[in-house]
Amino acid sequence: MLVERGLRVMNVGVVSDAYAIAADYLYRSGAVADSFATNEQLLSIIVQLFERGEFNRIRLANKAIAKFEAVESVDG
């Protein structure tokens, strides 16, 4: 499914799949406590990476995990 965001078009399926992969990993590793609530920070990271041109869901998830963990280690 494609959704317009301003002048850009986003493939919601790629973003959704990447989020599911990253959220599952982070939940299982204990980095996030709730697997059912959407983590806005993780979603924001994925959308930013997508908008910068990363369209592969596995690379998108892996980059988002690395970025999320780096931010959490600084904040935590």
Side-chain angles (χ1 to χ4, degrees):
M1 174 183 195
L2 298 176
V3 176
E4 288 186 41
R5 284 185 58 131
L7 296 176
R8 295 188 175 132
V9 176
M10 178 178 294
N11 186 327
V12 176
V14 171
V15 171
S16 175
D17 290 349
Y19 179 85
I21 294 164
D24 183 57
Y25 171 82
L26 292 168
Y27 173 72
R28 290 175 186 260
S29 70
V32 293
D34 189 359
S35 66
F36 295 108
T38 301
N39 186 300
E40 295 296 327
Q41 181 181 7
L42 178 60
L43 182 58
S44 175
I45 291 169
I46 291 172
V47 169
Q48 287 173 5
L49 291 168
F50 183 88
E51 288 177 344
R52 291 184 185 148
E54 184 57 68
F55 304 117
N56 180 289
R57 55 186 50 102
I58 301 296
R59 274 196 303 268
L60 200 57
N62 287 337
K63 288 179 179 183
I65 289 166
K67 202 167 194 178
F68 183 88
E69 289 177 332
V71 169
E72 288 298 308
S73 69
V74 171
D75 291 343

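All values reported here derive from a predicted model rather than from experimental measurement.
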Legend entry - Euclidean distance, K67 NZ relative to Q48 CD, rounded to 0.5 Å: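 If I round to the nearest 0.5 Å, the distance is 5.5 Å.
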Quick one: list whatever passes side chain to side chain contact (heavy atoms under 4.5 Å, CB included) with [X], sequence neighbours left out.
X: D17; result: R57
X: Y19; result: A23, T38, N39, L42, L43, I46
X: L49; result: I45, L60, K63, A64

Legend entry - Single-linkage hydrophobic cluster, 4.5 Å side-chain cutoff, F68 and V47 together: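 Same cluster.
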Legend entry - Connected via hydrophobic side-chain network under 4.5 Å: Y27 and I65: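 In one cluster with Y27: I65, yes.
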Legend entry - Considering all heavy atoms, the nearest A18-A61 contact: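 Looking at all heavy atoms of both residues, the closest pair is O-CB, 3.6 Å.
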Legend entry - E72 vs L26, side chain to side chain contact (heavy atoms under 4.5 Å, CB included): CA-CA, chis, key distance, verdict: CA-CA 11 Å; E72 288 298 308; L26 292 168; over 6 Å; no
Legend entry - Residues which pass side-chain hydrogen bond (donor to acceptor under 3.5 Å, both in side chains) with R52, listed by chain and number, not counting sequence neighbours: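 So R52 forms no side-chain hydrogen bond (donor to acceptor under 3.5 Å, both in side chains) with any residue.
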Inset, instruction - Please name all residues satisfying side-chain hydrogen bond (donor to acceptor under 3.5 Å, both in side chains) with N62, sequence neighbours left out, ordered by chain then number. - result: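 With neighbours one apart ignored, the set is empty.
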Legend entry - Contact list for residues 18-29, test salt bridge (Lys or Arg N to Asp or Glu O under 4.0 Å), sequence neighbours left out: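 As it turns out, the salt bridge (Lys or Arg N to Asp or Glu O under 4.0 Å) pairs with a partner in residues 18-29, which skip direct neighbours, are D24-R28.
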Legend entry - All pairs passing salt bridge (Lys or Arg N to Asp or Glu O under 4.0 Å) where residues 36-46 contributes a residue, at least two apart: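 Listed once each, the pairs would be none.
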Inset, instruction - Would you indicate whether the side-chain heavy atoms of V14 and F50 approach each other to under 4.5 Å? - result: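 Heavy-atom side-chain distance check passes, below 4.5 Å.
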